[in-house]
Amino acid sequence: MSDKPFNGHRVLVLVTNYGVEQDELLVPVRRLRDDGADVTIAAVTPEPIQTLVGDRDPGETVEPTTTLETVDPGTHQLLLIPGGTINADQLRLQPKALETIRAFAASGRPIAAICHGPWALVEADVLQDKTLTSYPSVRTDARNAGAKDWVDEPVVSDSANGYTLVTSRTPKDLDAFLNAVSEALVGS
């Protein structure tokens with residue numbers, strides 16, 4: 001028997017193929033996999049994902065596991081949405097991504113989003129009565145989408161309206177974010 005805490009847990013990561021913030025994708029994926037989680041990275045197309053550092057400098061390229069159109073979100077326990085301004089802005093225009101977000105919220109499974117990632121949650125209309133954090137420029141959008149409150153804290157975990165939402169501000173908050181993601185995954 002393995003001593004890895006997330007054996008048997010499946011995590012779905014939604015991204016576009018360009019503009020995801022490198023550390024907001026790679027750090028959580030590596031840590032979750034190291035802890036035994038089966039992590040699926042679903043991108044818009046099967047082509048490599050070009051990450052960025054600070055929304056401008058090219059980072060590592062990552063091979064997606066599958067595409068948004070072909071992934072079965074029902075087989076995953078937690079949804080992770082990394083930021084990156086370009087990634088988040090383009091992800092919220094993907095109908096399949098929005099459908100997946102709504103399915104997670106409706107089924108009570110946890111969703112975790114960092115930095116600009118909550119933009120997709122705004123578009124999916126799943127923030128009603130939630131308290132969250134994000135990159136500061138997303139604050140007004142979140143409030144206009146029905147969020148109860150936006151706070152400037154490293155991580156916020158809110159279980160209002162039947163599902164747990166874990167949010168964080170920037171890559172500087174990744175340790176706190178991943179601790180909260182771990183708690184949400186174990187509880188799922």
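Atom set for the values below is all heavy atoms of this structure, side chains included, hydrogens, waters and symmetry mates excluded. Position 1 is the first residue of the sequence; numbering continues from there.
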Practice task
If a pair satisfies side-chain hydrogen bond (donor to acceptor under 3.5 Å, both in side chains) and one of its residues is in residues 46-63, list it, with sequence neighbours excluded.
Solution key: Arg30-Glu60, Thr45-Glu47, Asp55-Thr85
Practice task
Keeping the roles fixed (side chain from Lys4, backbone from Asp34), state whether a donor-acceptor pair exists under 3.5 Å.
Solution key: yes
Exercise for the section: Measure from the side-chain N and O atoms of Arg169 to the backbone N and O of Glu153, and report whether any donor-acceptor pair falls under 3.5 Å. Expected result: yes
Exercise for the section: Not counting sequence neighbours, which residues clear ring pair (Phe, Tyr, Trp, His ring centres under 6.0 Å) with Tyr135? List them please. Expected result: His116
Handout entry: Passing candidate, side-chain contact (heavy atoms from CB on, under 4.5 Å) with Val27, options Val29, Leu25, Asp23
Key = Asp23
Practice task
Output the distance between atom CG (Asp129) and atom CG (Asp149), rounded to the nearest 0.5 Å.
Solution key: 11.5 Å
Practice task
Say whether Ile49 and Val11 are linked into one hydrophobic cluster, either directly or through other cluster members, by side-chain heavy-atom distances under 4.5 angstrom.
Solution key: yes
Problem - Verdict with reasoning, Arg102 to Glu99, per salt bridge (charged side-chain N to carboxylate O under 4.0 Å, His left out) - result: CA-CA 5 Å; Arg102 290 182 193 117; Glu99 179 183 310; over 6 Å; no
Fill in the blank from the handout: Rounded to the nearest 0.5 angstrom, the CG-NE2 distance for Leu14 and His76 is 9.5 Å
Exercise for the section: Any chance you could measure Glu69, atom CD, to Thr100, atom OG1, to the nearest 0.5 Å? Expected result: 9.0 Å
Handout entry: Side-chain heavy atoms of Leu132 within contact of Asp158, under 4.5 Å
Key = no
Handout entry: Audit row: Leu26, Val62, side-chain contact (heavy atoms from CB on, under 4.5 Å) steps and yes/no
Key = CA-CA 9 Å; Leu26 295 180; Val62 177; 3.5 Å; yes
Exercise for the section: Would you name the heavy atoms of Ser134 and Val138 that are closest together and state the gap between them? Expected result: OG-CB, 3.3 Å
Handout entry: Any donor-acceptor N/O pair, Arg10 side chain to Thr40 backbone, under 3.5 Å
Key = no
Handout entry: Co-membership, hydrophobic cluster, residues Leu127 and Ile101, 4.5 Å side-chain
Key = yes
Problem - Donor-acceptor contact below 3.5 Å, side chain Glu24 vs main chain Gly83 - result: yes
Practice task
Report yes or no: do Phe177 and Val156 belong to one cluster of Ile/Leu/Val/Met/Phe/Trp/Tyr joined by side chain heavy-atom distances under 4.5 Å?
Solution key: no
Practice task
Determine yes or no for a side-chain-to-main-chain donor-acceptor pair under 3.5 angstrom, with Asn161 supplying the side chain and Gln128 the backbone.
Solution key: yes
